[in-house]
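First the structure, in the form of C-alpha coordinates, and then the observations on it.
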Amino acid sequence: METTSALKYSGGMGLGGIRCLRRSSPAKIPASPRPPQKDPSKLESGPFHRPHNGGVNACLGSWKKYLSIYFRNMPPPAHYIAKKCSALHARVLFLFDQLKEKYHVCGLDNLYNSVKFCRDAWAGKKKIMVHGVARKTGRGVPDCCQQEEFSDPAKAEAVRGTTKAAVLDGDPNCTPVVCVSIYDTKVVAILSTACTF
(Lines give C-alpha, C1' and ligand atoms only; values in the text may rest on other atoms or scores of the structure.)
Protein backbone atom coordinates (compact mmCIF):
# COMPACT_ATOMS: atom_id res chain seq x y z
CA MET A 1 0.00 0.00 0.00
CA GLU A 2 1.25 3.47 -0.80
CA THR A 3 1.69 5.78 2.10
CA THR A 4 1.37 9.53 2.08
CA SER A 5 3.30 12.04 4.09
CA ALA A 6 0.57 14.66 4.19
CA LEU A 7 -3.05 15.16 3.26
CA LYS A 8 -4.67 18.29 1.92
CA TYR A 9 -8.34 19.25 2.18
CA SER A 10 -9.78 19.09 -1.31
CA GLY A 11 -13.51 19.51 -1.08
CA GLY A 12 -16.49 20.92 0.68
CA MET A 13 -19.52 19.26 2.09
CA GLY A 14 -21.64 19.79 -1.01
CA LEU A 15 -21.94 16.23 -2.32
CA GLY A 16 -23.95 14.30 0.24
CA GLY A 17 -21.71 15.20 3.15
CA ILE A 18 -18.55 13.68 1.71
CA ARG A 19 -15.30 15.19 2.84
CA CYS A 20 -12.33 13.89 0.84
CA LEU A 21 -8.65 14.35 1.45
CA ARG A 22 -6.11 14.13 -1.34
CA ARG A 23 -2.42 13.51 -1.37
CA SER A 24 -0.05 16.43 -1.39
CA SER A 25 3.56 17.08 -0.55
CA PRO A 26 4.11 18.81 2.82
CA ALA A 27 5.51 21.92 1.14
CA LYS A 28 2.27 22.55 -0.78
CA ILE A 29 -0.11 22.54 2.19
CA PRO A 30 -1.47 26.08 2.70
CA ALA A 31 -1.75 27.66 6.12
CA SER A 32 -5.55 27.75 5.89
CA PRO A 33 -7.75 24.96 4.49
CA ARG A 34 -9.30 27.26 1.88
CA PRO A 35 -7.39 29.16 -0.80
CA PRO A 36 -7.54 32.94 -0.81
CA GLN A 37 -10.56 34.27 -2.69
CA LYS A 38 -9.81 36.04 -5.95
CA ASP A 39 -11.64 39.03 -7.29
CA PRO A 40 -14.09 37.60 -9.91
CA SER A 41 -13.32 40.45 -12.30
CA LYS A 42 -9.65 39.40 -12.42
CA LEU A 43 -10.21 35.71 -13.21
CA GLU A 44 -9.16 34.12 -16.46
CA SER A 45 -11.50 34.56 -19.38
CA GLY A 46 -13.52 31.58 -20.61
CA PRO A 47 -17.03 30.19 -20.39
CA PHE A 48 -16.66 29.21 -16.72
CA HIS A 49 -14.62 32.19 -15.54
CA ARG A 50 -16.80 35.14 -16.44
CA PRO A 51 -17.35 37.71 -13.68
CA HIS A 52 -21.14 37.62 -14.04
CA ASN A 53 -21.19 33.91 -13.08
CA GLY A 54 -20.80 34.86 -9.43
CA GLY A 55 -19.02 33.43 -6.44
CA VAL A 56 -19.35 29.71 -7.19
CA ASN A 57 -17.41 29.90 -10.42
CA ALA A 58 -14.93 32.29 -8.84
CA CYS A 59 -14.24 29.75 -6.12
CA LEU A 60 -14.05 26.85 -8.59
CA GLY A 61 -11.81 28.85 -10.88
CA SER A 62 -9.39 29.60 -8.05
CA TRP A 63 -9.26 25.93 -7.00
CA LYS A 64 -8.59 24.72 -10.58
CA LYS A 65 -10.43 21.47 -9.85
CA TYR A 66 -12.72 19.24 -11.85
CA LEU A 67 -15.99 18.14 -10.31
CA SER A 68 -17.80 14.87 -10.70
CA ILE A 69 -21.47 15.10 -9.79
CA TYR A 70 -24.02 12.30 -9.62
CA PHE A 71 -27.51 13.71 -9.20
CA ARG A 72 -29.90 11.73 -7.04
CA ASN A 73 -32.66 11.84 -9.65
CA MET A 74 -30.42 9.86 -12.04
CA PRO A 75 -30.65 6.07 -11.74
CA PRO A 76 -27.79 4.59 -9.70
CA PRO A 77 -25.03 2.61 -11.47
CA ALA A 78 -26.37 -0.85 -12.30
CA HIS A 79 -23.15 -2.74 -11.52
CA TYR A 80 -23.18 -1.51 -7.91
CA ILE A 81 -26.89 -2.23 -7.54
CA ALA A 82 -26.15 -5.78 -8.77
CA LYS A 83 -23.68 -6.06 -5.87
CA LYS A 84 -26.62 -5.27 -3.54
CA CYS A 85 -25.44 -1.76 -2.65
CA SER A 86 -28.02 0.83 -1.67
CA ALA A 87 -28.75 3.52 -4.26
CA LEU A 88 -26.91 6.15 -2.18
CA HIS A 89 -23.86 3.95 -1.67
CA ALA A 90 -23.85 3.00 -5.38
CA ARG A 91 -23.67 6.68 -6.35
CA VAL A 92 -20.86 7.38 -3.87
CA LEU A 93 -18.86 4.35 -5.05
CA PHE A 94 -19.26 5.61 -8.64
CA LEU A 95 -17.85 8.99 -7.57
CA PHE A 96 -14.92 7.21 -5.89
CA ASP A 97 -14.18 5.49 -9.23
CA GLN A 98 -13.76 8.93 -10.84
CA LEU A 99 -10.73 9.80 -8.69
CA LYS A 100 -7.39 9.81 -10.49
CA GLU A 101 -5.26 8.26 -7.75
CA LYS A 102 -5.58 5.39 -5.29
CA TYR A 103 -5.59 5.27 -1.48
CA HIS A 104 -7.58 8.39 -0.68
CA VAL A 105 -9.17 8.79 2.74
CA CYS A 106 -12.80 9.87 2.82
CA GLY A 107 -14.69 10.96 5.92
CA LEU A 108 -18.45 10.48 5.68
CA ASP A 109 -20.78 12.90 7.42
CA ASN A 110 -24.54 12.27 7.58
CA LEU A 111 -24.10 9.25 5.33
CA TYR A 112 -24.65 6.24 7.52
CA ASN A 113 -21.69 3.97 6.99
CA SER A 114 -21.76 0.18 6.92
CA VAL A 115 -19.22 -2.62 6.92
CA LYS A 116 -20.37 -3.55 3.40
CA PHE A 117 -19.76 0.01 2.19
CA CYS A 118 -16.27 0.00 3.77
CA ARG A 119 -15.49 -3.27 2.01
CA ASP A 120 -16.88 -2.12 -1.34
CA ALA A 121 -14.93 1.17 -1.18
CA TRP A 122 -11.69 -0.72 -0.55
CA ALA A 123 -12.44 -3.41 -3.15
CA GLY A 124 -13.14 -0.76 -5.82
CA LYS A 125 -10.72 0.49 -8.44
CA LYS A 126 -9.21 3.23 -6.28
CA LYS A 127 -8.88 1.48 -2.86
CA ILE A 128 -10.65 4.21 -0.88
CA MET A 129 -10.38 4.15 2.93
CA VAL A 130 -13.48 5.52 4.65
CA HIS A 131 -14.58 6.42 8.14
CA GLY A 132 -17.86 7.67 9.51
CA VAL A 133 -20.81 7.07 11.80
CA ALA A 134 -22.95 3.95 11.52
CA ARG A 135 -26.36 2.95 12.81
CA LYS A 136 -26.22 0.63 15.79
CA THR A 137 -28.12 -2.18 14.07
CA GLY A 138 -28.19 -3.56 10.56
CA ARG A 139 -24.91 -1.96 9.44
CA GLY A 140 -22.38 -4.52 10.66
CA VAL A 141 -21.57 -3.11 14.11
CA PRO A 142 -20.57 -6.25 16.09
CA ASP A 143 -22.42 -7.34 19.22
CA CYS A 144 -19.36 -6.71 21.41
CA CYS A 145 -19.60 -2.98 20.54
CA GLN A 146 -23.32 -2.66 21.30
CA GLN A 147 -24.24 -0.55 24.33
CA GLU A 148 -27.57 -0.21 26.08
CA GLU A 149 -29.08 3.28 26.00
CA PHE A 150 -30.61 4.61 29.21
CA SER A 151 -33.55 7.01 29.36
CA ASP A 152 -32.86 7.77 33.03
CA PRO A 153 -30.48 10.80 33.10
CA ALA A 154 -28.66 9.55 36.22
CA LYS A 155 -27.86 6.17 34.64
CA ALA A 156 -26.92 7.81 31.34
CA GLU A 157 -24.50 10.16 33.11
CA ALA A 158 -22.96 7.22 34.99
CA VAL A 159 -22.04 5.41 31.76
CA ARG A 160 -21.14 8.52 29.76
CA GLY A 161 -17.74 8.14 28.11
CA THR A 162 -17.88 4.33 27.95
CA THR A 163 -16.02 3.17 24.87
CA LYS A 164 -16.01 -0.25 23.23
CA ALA A 165 -13.92 -1.19 20.21
CA ALA A 166 -13.45 -4.15 17.90
CA VAL A 167 -11.41 -4.94 14.80
CA LEU A 168 -13.14 -6.87 12.05
CA ASP A 169 -10.21 -8.68 10.47
CA GLY A 170 -9.59 -11.71 8.29
CA ASP A 171 -11.12 -10.61 4.97
CA PRO A 172 -8.44 -11.01 2.25
CA ASN A 173 -10.27 -8.47 0.04
CA CYS A 174 -10.42 -5.66 2.60
CA THR A 175 -8.26 -3.90 5.14
CA PRO A 176 -9.34 -4.40 8.76
CA VAL A 177 -12.50 -2.52 9.69
CA VAL A 178 -12.30 -0.86 13.10
CA CYS A 179 -15.54 -0.33 14.97
CA VAL A 180 -15.73 2.04 17.95
CA SER A 181 -18.82 2.60 20.06
CA ILE A 182 -18.86 5.65 22.35
CA TYR A 183 -21.59 6.56 24.85
CA ASP A 184 -21.97 10.34 24.85
CA THR A 185 -25.51 11.68 25.24
CA LYS A 186 -26.46 8.57 23.27
CA VAL A 187 -24.51 5.71 21.70
CA VAL A 188 -22.46 6.65 18.63
CA ALA A 189 -20.87 3.93 16.49
CA ILE A 190 -18.03 4.70 14.08
CA LEU A 191 -16.66 2.40 11.37
CA SER A 192 -13.25 3.01 9.81
CA THR A 193 -10.87 1.43 7.35
CA ALA A 194 -8.64 4.51 7.55
CA CYS A 195 -7.39 4.40 11.14
CA THR A 196 -4.11 2.89 12.25
CA PHE A 197 -3.78 0.71 15.30
Side-chain angles (χ1 to χ4, degrees), residues 1-13 15-24 26 29 33 80 83-97 99 101-197:
M1 176 192 279
E2 289 182 34
T3 58
T4 58
S5 57
L7 293 172
K8 180 179 177 182
Y9 182 75
S10 69
M13 298 298 292
L15 297 175
I18 301 169
R19 194 176 300 147
C20 290
L21 298 172
R22 73 172 176 86
R23 290 185 278 194
S24 174
I29 297 177
Y80 286 119
K83 292 181 180 180
K84 301 194 186 294
C85 294
S86 70
L88 175 63
H89 287 171
R91 289 180 179 100
V92 174
L93 291 169
F94 173 82
L95 290 172
F96 286 167
D97 290 344
L99 294 169
E101 298 170 337
K102 292 184 176 183
Y103 309 113
H104 288 268
V105 175
C106 182
L108 305 168
D109 185 26
N110 295 333
L111 173 73
Y112 281 99
N113 205 355
S114 69
V115 172
K116 180 174 179 11
F117 180 72
C118 290
R119 293 180 71 235
D120 289 340
W122 180 257
K125 299 176 190 175
K126 303 301 179 178
K127 304 282 185 200
I128 306 299
M129 297 169 277
V130 298
H131 54 88
V133 296
R135 290 188 181 114
K136 296 179 292 183
T137 57
R139 296 296 183 146
V141 176
D143 292 337
C144 63
C145 286
Q146 298 290 342
Q147 297 188 48
E148 181 184 355
E149 287 196 32
F150 297 102
S151 57
D152 180 25
K155 288 182 181 178
E157 190 60 36
V159 296
R160 188 173 187 169
T162 303
T163 302
K164 294 183 177 183
V167 178
L168 308 174
D169 200 3
D171 186 351
N173 299 322
C174 184
T175 61
V177 179
V178 176
C179 178
V180 178
S181 172
I182 304 163
Y183 200 115
D184 190 32
T185 55
K186 62 179 184 175
V187 179
V188 178
I190 300 168
L191 295 172
S192 175
T193 54
C195 70
T196 57
F197 51 94

Passes side-chain contact (heavy atoms from CB on, under 4.5 Å), Tyr80 versus Asp97? Steps please. CA-CA 11 Å; Tyr80 286 119; Asp97 290 344; 2.4 Å; yes

Verdict with supporting geometry, Cys85 and Lys116, side-chain contact (heavy atoms from CB on, under 4.5 Å): CA-CA 8 Å; Cys85 294; Lys116 180 174 179 11; 4.0 Å; yes

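The environment of Arg119 atom CZ is sparse: at most 12 non-hydrogen atoms of other residues, nucleotides or ligands sit within 6.0 angstrom.
The heavy-atom pair separating Cys118 from Thr193 by the smallest distance is CB-CG2, 3.7 Å. Shortest non-hydrogen contact noted between Cys145 and Ala165 is SG-C, 3.7 Å. Trp122 and Cys174 get closest at one heavy-atom pair: CD1-CA, 3.4 Å. Among all heavy-atom pairs drawn from Asp169 and Pro176, the shortest one is OD1-CG, 3.6 Å.
Interatomic distance, Tyr103 OH to Met129 CE, rounded to the nearest 0.5 Å: 8.5 Å. Expressed to the nearest 0.5 Å, how far CZ of Phe117 lies from CG of Asp120 amounts to 8.0 Å. Note: Asn113 CG to Cys106 SG = 9.5 Å, rounded to the nearest 0.5 Å. Note: Arg160 CZ to Thr185 OG1 = 6.5 Å, rounded to the nearest 0.5 Å. Interatomic distance, CG of Leu99 versus NZ of Lys126, reported as 7.5 Å (0.5 Å rounding). Within the model, atoms NE2 of His131 and CD1 of Ile190 stand 9.5 Å from one another, a figure rounded to the nearest 0.5 Å.
Partners of Ala87 under the side chain to side chain contact (heavy atoms under 4.5 Å, CB included) rule, at least two apart in sequence or in another chain, are Pro76, Arg91. Residues passing the side chain to side chain contact (heavy atoms under 4.5 Å, CB included) test with Ala121 are Leu93, Phe96, Ile128, Val130, sequence neighbours excluded.
Screening residues 148-159 for side-chain hydrogen bond (donor to acceptor under 3.5 Å, both in side chains) gives Lys136-Glu149 as the qualifying pairs, with residues at least two apart or on separate chains.
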